[in-house]
Each structure stands twice: as structure tokens, then as C-alpha cells.
Asks: 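Have a look at the structure that comes next, please.
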Amino acid sequence: MIMSGKFGRYGGVFVPELLIPALEELEGAFLKYREDKKFNKELEYYLQEFAGRPTSLYFARNLSEKWGCKVYLKREDMLHTGAHKINNTLGQGLLAKYMGKERLIAETGAGQHGIATAVVGALLNIPTEVYMGSEDVERQKLNVFRMELSGARVLSVDSGSRTLKDAINQAFRDWITNVDTTHYLIGSTMGPHPYPTMVKHFQKVIGRETKEQILQKEGELPDAVIACVGGGSNSIGIFSEFIDDEEVELIGVEGGGEGIGSGRTGATLSVGTEGILHGSFSYVLQNFDGQITEAHSVSAGLDYPGVGPEHSYLKITGRAEYVAITNKEALRGFELLSKYEGIIPALESSHAVAYAEKYAKMKENRGRSIVVNLSGRGDKDMFLVAREMGEKI
């Protein structure tokens, strides 16, 4: 019998009955192998030798001096494939191998999860197909090529808004049809149970390392941990180790798009309401009739009208604060980190950088220590950023 997978009243399993056996099988395998010594030894090997863990906690000296705070960057951008996504794809890919699955499918927005799934498919010799909205295919052409080079087949989705939401819809349809042989490797802490719990398990290595590193460097916990939130995997990964440390502020930064009130935003937790999307009960962007509305963000990875259920729980209990950063502000964050630290962040991470500047400049926060989760690097976004800034490449 499948567990409820609830975070307070959020989460759960809201899927067609045909998928219940597959979710039960997945939950059973996850509960078994997360305690298995052989599985964990193999996963640890790949995380270190293939992905490049542990990642550094870098003191951003120039920004610290400019902002008047101690600013640390958790460098998930230094991982193989360029983002935190590899932590989860290695975990789920290995789980699929132990389960005897013959095929991997995945969804992707910015392309980082797609790449991470493609390389794990190549590593473990499992055929892989990745669904991607046609709008994201166009704005992330480089990542599409990288997926194909790794042997994955990229399937463009032309329905709906042609972005991440629609790629997920199509992946679920595929899984229902091929459930016996296929593992759907969801990339974020959304979806039906056990996905939010499972993805958090594979991403909490970020939080574990961060806590050890900040205590070693500062001798105390940070005042704030800031991370971007789309579906919410990098943020829940770093938040997880600090949730019980009430003195640490947890701040999730959403893609505000053209601004709250503009009607073109991806800020689900800031302006959304409770509803069901992709198998779980959480905050979503929807109209008065309960129909899911389109999300808008300059960042493909934050262009999603839902959010992981644990984030909804952290919001409603007040343990975490969620804010929105506009496209324009995110581009400033992109420029700031590039100019002052020589580190080019992903547009997703640029939202967190942009809010970190706002946080640091608040009078009451002067001198505090801040950890920003740099969830990915910006190679994939160079052409888009150049276009937004009116530059020619």
C-alpha cells in the first residue's frame, strides 16, 4: 500500500489508477535501496568520481565588500553537466538500474535536468528520451545538442504553452503507456509521492555539505540561506539541513517574470492558490475556474506554474519565506556575479543572487552571513542574455 507522502496537507497521490502500481513499485524500491550498503556505496562513488562532489562553499569577497555582508556561494555550478540536477539523476538512474528498468524518460525546461538524465543514461547504458517544450527547445538549443550528443532522443512538445508544464504532461502520458519497462526520472520535488521525498533525499547532499563547510569556515551557522525555486529541488536540497535551525532564515526566490500583477509571472508561491497539478496538491497558478494558467519567466527552469509540496508546507508554516524577482532584476544578478566574481551563473541562480543583493542592503541585515545556492552555471543562457541585453554574439 502506497504511503500518503504528505507535507502537512500538501503532496499526496493524484494520478490515474493505472499509475498506482508503478508508484507503489517505485516507493518500495526507494525505501529498500536508500538503506542498502551496496547501492549507497555505488551512488557515493559516482557522486564523487563522476559528478565531482563535494562542491566548494566559496567566499565571494568582492560582493561581500560591495554589499557589507559575508556572502558565500554553494558552487553546484561546478558539478559535471553544470548544475545540481546530476545529484538526483544519478540517484534515480541507479535506482532504475537496480529495479531492472530498460528505459529512462524525463522532462526538462532549461535543459539541465535533460542533460543530467542523458549522461546518466549513457553512463548506465540505459536508452533515454527527454521531453522538452518547443519554446524551450528554441531558447536552449545548446542543451538540446548536448543531450543528443550523449545519446538521448529529445522529443519536442508543441501543445499548450510549449514549456516545462507541457513536457511533464507528455512524459506522464508516455509513462502510463510504458510503465512496465520505463522509469520516469522526474527532475524536481514535484509530482506524486514518492517523488518529492525521493528527490529531496538525493538532493539533501547539498545541505549536508553546506552545513559542514560553513561551520568549518565561520564556526557558526549562516544567518540566511537563499536559493531559487521553480519546482524546488535545489532549494529543498540546501534547506533540508537547516529546517530545524530556527535561527537560519530560509528564503526561496521565484521567477517573477514581468512582475507581480502583470499577469506574466512564474511566482507560484507568491501569487498562486492551492490546487492539484501533476499528481500532487500544492500551490499552483490557476484561474477562477481552476484551470492552470501559463507561467512566465526569462529563465526556462523557473517557468513552471506549480511548486513542490514541501515548499507549500514551509510557506504556510512560516518556516521559509518566498519572494519574487523580475526578469530585469535577474539579469542584473547575472551581470553582478559575472562582473564582480568572475562567475557566470545560470539565469535560475541569478534570481537568488539578485535577491541576495536586496537582502544584504536592508539596514537590519548589515554584516550578516548569507549562503546563496548557485544551482547552475550560465553557459546555456549566454545567447538569451545577450539578446535581452541587446548584444550581438
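Remember, it's a predicted structure, so these values are computed and weren't measured experimentally.
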Asks: Taking atom OH of Tyr98 as the centre, report whether more than 12 heavy atoms of other residues, nucleotides or ligands fall under 6.0 Å from it.
Replies: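 More than 12 within 6.0 Å, yes.
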
Asks: In terms of hydrophobic clusters joined by side-chain contacts under 4.5 Å, are Ile325 and Val353 together?
Replies: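 Yes; Val353 is reachable from Ile325 via cluster members.
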
Asks: Using 30° and 60° as the class limits, which term best fits the ring planes of Phe172 and His278: parallel, tilted or perpendicular?
Replies: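 Rings of Phe172 and His278: parallel, as their planes differ by under 30°.
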
Asks: Using only atom types and a distance under 3.5 Å, with no angle test, would you say the side chain of Gln112 pairs donor to acceptor with the backbone of Thr81?
Replies: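 The answer is yes, because a donor-acceptor pair under 3.5 Å joins these two groups.
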
Asks: Can you check whether Asn169 reaches Ser159 side chain to side chain, under 4.5 Å on heavy atoms?
Replies: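 Asn169 vs Ser159: side chains apart.
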
Asks: Given 3.5 Å as the limit, does a donor-acceptor pair link the side chain of Ser282 with the main chain of Val307, or not?
Replies: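 It does hold such a pair.
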
Asks: Linking I/L/V/M/F/W/Y whenever any side-chain heavy atoms sit under 4.5 Å apart, do Ile206 and Ile343 land together?
Replies: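 Ile206 does not cluster with Ile343.
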
Asks: About how many Å separate CD1 of Ile168 and CZ of Arg173, when rounded to the nearest 0.5 Å?
Replies: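 These two atoms lie 11.5 Å from each other.
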
Asks: For Phe14, I'd like to know if atom CZ has over 12 heavy atoms of other residues, nucleotides or ligands within 6.0 Å.
Replies: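 More than 12 within 6.0 Å, yes.
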
Asks: Strictly below 4.0 Å, N to O, side chains only: are Lys380 and Glu348 in salt-bridge contact?
Replies: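 Here Lys380 pairs with Glu348 in a salt bridge, since their nearest N and O are under 4.0 Å apart.
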
Asks: To the nearest 0.5 Å, tell me how far Ile226 CD1 sits from Leu374 CG.
Replies: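 The CD1 atom of Ile226 sits 12.5 Å away from the CG atom of Leu374.
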
Asks: What's the spacing between Tyr45 OH and Gln48 CD if we round to 0.5 Å?
Replies: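 Tyr45 atom OH to Gln48 atom CD measures 10.0 Å (nearest 0.5 Å).
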
Asks: Check whether any side-chain N or O of Asn234 sits under 3.5 Å from a backbone N or O of Cys228 as a donor-acceptor pair, and report yes or no.
Replies: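 Yes, the answer is positive, given that a donor and an acceptor are paired below the 3.5 Å cut-off.
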
Asks: Salt bridge between Glu65 and Arg61, side-chain N to carboxylate O under 4.0 Å?
Replies: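 Looking at Arg61 together with Glu65, the answer is no, because their closest N to O distance does not fall below 4.0 Å.
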
Asks: What pair of heavy atoms forms the shortest contact from Gly376 to Ser349, and how long is it?
Replies: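 For Gly376 and Ser349, the tightest heavy-atom pair comes out as N-OG, 3.1 Å.
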
Asks: Tyr10 vs Tyr283 aromatic rings, parallel, tilted or perpendicular, using cut-offs 30° and 60°?
Replies: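 The arrangement is tilted - the two ring planes meet at 30° to 60°.
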
Asks: Is any side-chain heavy atom of Ser134 less than 4.5 Å from a side-chain heavy atom of Val157?
Replies: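 They are not in contact (no side-chain heavy atoms under 4.5 Å apart), so the answer is no.
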
Asks: Does this structure show an ion pair linking Arg53 with Glu209, if we count only N-O contacts that are shorter than 4.0 Å?
Replies: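 Answer for the salt bridge query: yes.
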
Asks: Is the closest basic N to carboxylate O distance between Asp303 and Arg139 below 4.0 Å?
Replies: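 Yes, this pair counts.
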
Asks: When the side chains of residues 244-253 are checked against the rest of the protein, which donor-acceptor pairs come out under 3.5 Å, sequence neighbours left out?
Replies:
from   : atom 1 : to     : atom 2 : distance (Å)
Asp245 : OD2    : Lys211 : NZ     : 2.7
Glu249 : OE2    : Tyr359 : OH     : 2.7
Glu249 : OE2    : Arg368 : NH1    : 2.9

Asks: Determine, stepwise, if the pair Glu76 / Ser375 fulfils side-chain hydrogen bond (donor to acceptor under 3.5 Å, both in side chains).
Replies: CA-CA 5 Å; Glu76 295 298 288; Ser375 58; over 6 Å; no

Asks: Does some side-chain heavy atom of Tyr304 sit less than 4.5 Å from a side-chain heavy atom of Thr163?
Replies: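 No, every pair of side-chain atoms sits at 4.5 Å or beyond.
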
Asks: Please determine whether a side-chain nitrogen of the Lys or Arg among Glu129 and Arg153 lies less than 4.0 Å from a carboxylate oxygen of the Asp or Glu.
Replies: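 So Glu129 pairs with Arg153 through a salt bridge.
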
Asks: Judged by atom type as modelled, is there a donor-acceptor pair below 3.5 Å linking the side chain of Asp381 to the main-chain atoms of Leu384?
Replies: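 No, the answer is negative, given that no donor and acceptor are paired below the 3.5 Å cut-off.
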
Asks: Are Leu164 and Leu302 joined in one hydrophobic group, where the rule is that I, L, V, M, F, W and Y side chains link up if heavy atoms are under 4.5 Å apart?
Replies: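 No, separate clusters.
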
Asks: Taking the basic N atoms (NZ, or NE/NH1/NH2) and the acidic carboxylate oxygens, is any pair closer than 4.0 Å for Glu329 and Lys358?
Replies: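 Yes.
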
Asks: Please examine the side chains of Ile176 and Leu19, heavy atoms only from C-beta on, and report whether any two atoms are closer than 4.5 Å.
Replies: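 A side-chain contact exists here, since the closest heavy-atom pair is under 4.5 Å.
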
Asks: Are any of the side-chain nitrogens in Arg9 or Glu274 under 4.0 Å away from the carboxylate oxygens of its partner?
Replies: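 Glu274 and Arg9: salt-bridged.
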
Asks: Could you check Thr182 against Lys101 for side-chain hydrogen bond (donor to acceptor under 3.5 Å, both in side chains), going step by step and ending with a plain yes or no?
Replies: CA-CA 6 Å; Thr182 299; Lys101 297 299 179 181; over 6 Å; no

Asks: When clusters are formed by joining ILVMFWY residues with side-chain heavy atoms under 4.5 Å apart, either directly or through shared neighbours, do Leu43 and Met99 land in the same one?
Replies: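 Result: yes, single cluster for both.
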
Asks: In chain order, what residues pass the side chain to side chain contact (heavy atoms under 4.5 Å, CB included) check against Thr265, with sequence neighbours excluded?
Replies: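 Once residues adjacent in sequence are excluded, the partners of Thr265 under the side chain to side chain contact (heavy atoms under 4.5 Å, CB included) criterion are Ile260, Ala267, Val271.
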
Asks: Kindly give the heavy-atom pair with the smallest separation between Gly256 and Ala324, and that separation in Å.
Replies: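 Heavy atoms only, the tightest pair is CA-CB, 4.0 Å.
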
Asks: Check this for me: does any side-chain nitrogen of one of Glu42 and Lys97 sit under 4.0 Å from a carboxylate oxygen of the other?
Replies: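 Here Glu42 pairs with Lys97 in a salt bridge, since their nearest N and O are under 4.0 Å apart.
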
Asks: Any sub-3.5 Å donor-acceptor pair from Arg103's side-chain atoms to Tyr184's backbone N or O?
Replies: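 Between the backbone of Tyr184 and the side chain of Arg103 there is no qualifying donor-acceptor contact (under 3.5 Å).
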
Asks: First locate atom NZ of Lys204, then atom CZ of Arg208, and finally report the distance between them rounded to the nearest 0.5 Å.
Replies: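 Taking NZ in Lys204 and CZ in Arg208, the distance rounds to 6.5 Å.
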
Asks: Which atom names give the shortest non-hydrogen contact between Gly109 and Asp136, and what distance separates them?
Replies: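 Taking Gly109 first and Asp136 second, the nearest heavy atoms are O-CB, 3.3 Å.
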
Asks: Taking atom CD as the centre, does Glu364 end up with more than 12 heavy-atom neighbours from other residues, nucleotides or ligands that are less than 6.0 angstrom away?
Replies: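 More than 12 within 6.0 Å, yes.
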
Asks: Less than 4.5 Å apart, side chain to side chain, heavy atoms only: is that true for Met198 and Leu26?
Replies: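 Met198 vs Leu26: side chains touch.
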
Asks: Donor-acceptor pair, distance only, cut-off 3.5 Å: does the side chain of Glu258 make one with the backbone of Thr326?
Replies: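 No, the answer is negative, given that no donor and acceptor are paired below the 3.5 Å cut-off.
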
Asks: Looking at Glu254 and Thr268, would you say the former's side chain and the latter's main chain have a donor-acceptor pair under 3.5 Å?
Replies: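 Yes, because the side chain of Glu254 sits within donor-acceptor range (under 3.5 Å) of the backbone of Thr268.
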
Asks: Quick one: does Ser188's side chain have a donor or acceptor within less than 3.5 Å of a partner on Met190's backbone?
Replies: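 A pair under 3.5 Å: no.
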
Asks: With a cut-off of under 6.0 Å to the ring centre and 45° to the axis, is Lys141 in cation-pi contact with Phe383?
Replies: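 Not flagged: Lys141 not positioned over aromatic ring of Phe383.
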
Asks: Considering the options His84, Lys200, His113, which one meets the side-chain hydrogen bond (donor to acceptor under 3.5 Å, both in side chains) requirement together with Ser233?
Replies: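 Filter result, single survivor: His84.
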
Asks: If I compare all heavy atoms of Val371 with all of Pro222, which pair ends up nearest, and what's the gap?
Replies: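 Heavy atoms of Val371 and Pro222 come nearest at CG2-CB, 3.9 Å.
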
Asks: Hey, does Glu24 have a side-chain heavy atom less than 4.5 Å from the side chain of Val13?
Replies: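 Counting from C-beta outward, Val13 and Glu24 never come under 4.5 Å.
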
Asks: Does Leu123 reach the side chain of Leu90, with side-chain heavy atoms less than 4.5 Å apart?
Replies: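 In short, these two side chains touch, coming nearer than 4.5 Å.
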
Asks: Could you pull out the closest heavy-atom pair between Ser235 and Val229, with the gap in Å?
Replies: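 Closest approach of Ser235 to Val229: OG-CG2, 3.5 Å.
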
Asks: Verify side-chain hydrogen bond (donor to acceptor under 3.5 Å, both in side chains) between His183 and Gln92, making sure each step is shown before the conclusion.
Replies: CA-CA 9 Å; His183 173 64; Gln92 283 198 55; 2.8 Å; yes

Asks: Which pair of heavy atoms, one from Pro345 and one from Phe334, lies closest together, and at what distance?
Replies: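 Shortest heavy-atom separation between Pro345 and Phe334 comes out as O-CE1, 3.0 Å.
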
Asks: Look only at the side chain of Ser64 and the backbone of Cys69, and say whether a donor-acceptor pair between them is shorter than 3.5 Å.
Replies: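 Present.
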
Asks: Quick check against the 3.5 Å criterion: does Asp36 have a side-chain atom that pairs as donor or acceptor with the backbone of Lys38?
Replies: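 Yes.
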
Asks: What residues, two or more places apart in sequence or in another chain, satisfy side chain to side chain contact (heavy atoms under 4.5 Å, CB included) together with Lys70?
Replies: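 Phe59, Tyr72, Glu218, Ser369.
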
Asks: Could you see if Tyr46 belongs to whatever hydrophobic cluster contains Tyr33? Use Ile, Leu, Val, Met, Phe, Trp, Tyr and a side-chain cutoff under 4.5 Å.
Replies: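 Shared cluster, yes.
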
Asks: Evaluate side-chain hydrogen bond (donor to acceptor under 3.5 Å, both in side chains) for Asn87 paired with Gln203, printing each intermediate quantity in order.
Replies: CA-CA 6 Å; Asn87 304 321; Gln203 290 291 2; 2.9 Å; yes

Asks: Are Val15 and Leu23 close enough that some pair of their side-chain heavy atoms sits under 4.5 Å apart?
Replies: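 Yes - at least one pair of side-chain heavy atoms lies under 4.5 Å apart.
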
Asks: Check this for me, if you would: do Arg75 and Asp77 make a salt bridge, where the nitrogen-to-carboxylate-oxygen distance has to be below 4.0 angstrom?
Replies: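 Salt bridge flag = yes for Asp77 with Arg75.
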
